Amino acid sequence: MTIAITGGTVVTAIDAVLADVLIDGEIVIGVVHPDSELSRSFAGNADQVIDATGMYVVPGGIDAHTHLQATGQIAPVLDTFETGTIASAFGGTTTIIDFAYLTDEERLPDGFERHLATAAGECAVDYGFHMMVSRVDGQSPIEMDLLVNEGVSSFKMFMAYPGRLYSDDGQILRMMQQAAKNGSLIQMHAENGIAIDVIRGQAVDRGDVDPVFHGITRSPILEAEAVHRAVALSEVAGSPLYIVHLSSANALEEVIAARDRGLNVFAETCPQYLFLDLDDLDRPDFQGAKFVCSPPLRPKEHQEHLWRGLRTNDLQVVATDHCPFCWDQRQIGRDDFRNIPNGLPTLEHRMELMYQGAVAEDRVSLNRWVEMCSTAPAKMFGLYPKKGTIAPGSDADLVVFNPNSPHNLSAETHHMNVDYSCYEGMEMTGQVSKVFLRGKLVIDGVDYLGRKGDGTYIKRDVSSNLL
Ligand code: DUC
Ligand code: ZN
Ligand code: ZN
């Protein structure tokens with residue numbers, strides 16, 4: 001099957017040029033001048049010609065932080081690999097990296113094999129896995145090496161959640177030392193969970209049980225402290241470090257300081273920290289429960305710092321931490337915010353939200369929009385140049401994006417398996433129009449043309465993003 005996408009502006013992390021994209025099978029074979037003989041003859045014989053006049057043609061999005069079909073929390077995550085990845089396709093994200101986690105009995109390879117089996121044949125977009133690690137013993141570094149060979153080249157650890165997912169500094173250091181040897185990346189949930197749990201307990205004892213106290217009791221100072229400690233541990237171990245879901249100006253300052261010292265320290269933020277704030281957690285009638293995630297939404301003034309970080313490359317990646325729970329599931333925490341399941345639904349809207357905040361509202365450049373949503377995660381997580389750009393030889397994962405298609409986000413029209421939208425009514429200027437997954441047209445306007453099983457497991461390389 002050959003396809004020519006003609007007349008559009010091809011936007012990568014570097015360029016924005018009028019060019020035609022030529023596809024043979026699953027691969028881009030050329031990005032060529034629209035008036036060239038090459039383009040005319042290819043389009044003349046192509047099986048399909050897509051007119052992208054007036055559109056941007058961008059590399060498929062990569063969401064490096066999702067939790068699909070996860071059961072580890074108080075309630076099960078509602079999006080399955082099937083529903084979540086179909087929503088992902090609608091939003092122009094053609095690759096996800098999901099978090100594999102362990103049950104109490106499992107070792108790292110068991111947890112990975114279980115996730116591989118669960119996702120097989122279910123996904124509508126390509127997918128890889130990170131592995132969550134909490135228990136660390138003498139066997140863990142060896143198992144880590146095995147996973148790196150299977151394409152799992154990043155490991156999430158938690159400085160939060162004592163007694164559950166938490167690892168102490170010694171355990172973290174041991175994994176970082178191994179990461180320094182095998183080239184993998186430690187991803188850190190950086191919040192001082194020991195201190196936070198004390199403060200949460202005190203709040204509930206006082207009767208401060210509403211959702212807003214989820215935000216108030218998780219101070220950004222304790223996020224910054226954890227980032228600082230994680231940087232120190234990684235510097236001693238000689239390993240790179242990637243902070244997941246960075247939410248505050250305080251934490252960003254620590255990342256900037258580390259990077260200014262030349263360390264391989266990177267960070268991701270999420271749309272919720274750029275578009276939502278502590279006031280959402282304080283909505284009346286328990287509606288604030290819809291906005292519970294960790295780290296929590298912060299006071300609005302943090303947002304401009306995060307946007308600046310994205311503009312200046314102090315923050316490299318925008319991922320969603322997609323982890324949806326419906327309104328009924330949120331009720332578990334009516335009398336105690338600590339029991340509200342933790343996570344927000346955003347996977348489908350990341351590309352459009354970030355276009356809106358970055359490009360339409362003039363905060364960050366068009367190229368940088370592509371970079372933080374696709375190219376940077378591809379390089380960070382060993383997918384580049386197969387994914388994350390439009391170049392001869394790269395996968396034909398492509399989004400035809402209409403920059404002038406005003407619409408509102410709503411639970412009425414979204415495809416995520418959750419009965420509300422955190423972004424209800426928010427006005428978007430640009431819209432995903434068509435999506436190709438390795439050369440297959442899977443989204444055409446409001447129509448889904450793919451099927452579950454189109455997505456394949458991607459065995460990732462180690463990061464190619466180090467300073
Ligand atoms: N961390 C995540 O990355 N996702 C959900 C909850 C959490 O604490
Ligand atoms: Zn986390
Ligand atoms: Zn997460």
Side-chain angles (χ1 to χ4, degrees), residues 62-79 84 88 93 96-102 111 115 127-134 154-167 172 185-197 200 211 214-215 217-220 222-223 226-227 229-230 241-248 251 266-273 276 281 289-298 317-325 329-330 332-333 337-347 350 377 380-381 416 418 422:
I62 298 173
D63 191 338
H65 191 150
T66 67
H67 302 269
L68 299 181
Q69 222 163 313
T71 54
Q73 279 212 43
I74 291 165
V77 167
L78 286 181
D79 263 321
S88 174
T93 290
I96 61 161
I97 312 179
D98 201 72
F99 281 88
Y101 59 92
L102 303 180
H115 280 80
Y127 59 98
F129 289 109
H130 315 283
M131 177 54 79
M132 288 187 190
V133 185
S134 46
S154 38
F155 298 84
K156 182 177 178 190
M157 302 194 77
F158 293 82
M159 300 170 112
Y161 309 123
R164 277 203 306 131
L165 296 164
Y166 174 83
S167 300
I172 291 169
L185 195 54
I186 298 294
Q187 303 166 282
M188 193 59 70
H189 181 129
E191 287 187 294
N192 184 327
I194 302 230
I196 285 170
D197 276 8
R200 280 154 63 92
H214 172 77
T217 56
R218 303 183 85 92
S219 166
L222 294 175
E223 186 184 16
V227 171
R229 195 159 26 104
L241 172 69
Y242 178 93
I243 306 294
V244 289
H245 49 46
L246 186 141
S247 67
S248 67
F266 309 99
E268 112 198 336
T269 192
C270 313
Q272 52 268 33
Y273 302 121
L276 307 172
L281 271 172
K290 293 175 176 173
F291 297 86
V292 168
C293 59
S294 295
L297 302 180
R298 302 298 189 186
V317 171
V318 175
T320 59
D321 197 2
H322 180 77
C323 192
F325 300 100
Q329 289 174 303
R330 300 281 186 184
I332 307 166
F337 67 84
R338 293 176 301 180
N339 295 329
I340 301 171
N342 209 340
L344 305 187
T346 305
L347 174 53
R350 184 183 63 122
M380 191 74 69
F381 294 109
M416 299 177 287
V418 58
C422 290

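Both ligands and their constituent atoms are indexed starting at 1 by order of listing. Treat the numbers as computed from the prediction; the structure is a model and nothing was measured.
In this structure, Tyr166 contributes its side chain and Ile194 its backbone to no donor-acceptor pair below 3.5 Å. A distance-only check finds a donor-acceptor pair linking the side chain of Ser88 to the backbone of Thr93 [under 3.5 Å].
A heavy-atom separation below 4.0 Å is found between Tyr161 and ligand 1. The shell of residues lying under 4.0 angstrom from ligand 1, judged by heavy atoms, excludes Val244.
Of all non-hydrogen atoms in Pro296 and His214, the two that sit nearest each other are CB-CD2, 3.8 Å. Across every non-hydrogen atom of Phe291 and Leu281, the tightest pair is O-CD2, 3.6 Å.
Taking the six-membered ring where the residue is Trp, the centroids of His245 and Tyr273 are separated by 6.0 Å or more.
Take a cut-off of 2.8 Å around the Zn ion (ligand 3): the protein N, O or S atoms inside it are His65 NE2, His67 NE2, Asp321 OD1.
Looking at ligand 1, you won't find any N or O of Asn342 less than 3.5 Å from one of its N or O atoms.
Classified by interplanar angle (parallel below 30°, tilted 30° to 60°, perpendicular above 60°), the ring pair Phe129/Tyr127 is perpendicular.
Donor-acceptor pairing under 3.5 Å is lacking for the side chains of Thr217 and Arg200. A donor-acceptor pair shorter than 3.5 Å cannot be found between the side chains of His322 and Thr66.
Which parts of ligand 1 touch His245 is read off a 4.0 Å heavy-atom cut-off, strictly below it: atoms 1 (N), 2 (C), 3 (O).
Scanning His189, Met132, Lys156 for the heavy atom closest to atom 3 (O) of ligand 1 points to Lys156.
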TODO: Could you go through the side-chain contact (heavy atoms from CB on, under 4.5 Å) check for Thr71 and Tyr101 one step at a time?
DONE: CA-CA 9 Å; Thr71 54; Tyr101 59 92; 2.9 Å; yes

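Protein heavy atom at the shortest distance from atom 4 (N) of ligand 1 is Asp321 OD1, 2.9 Å.
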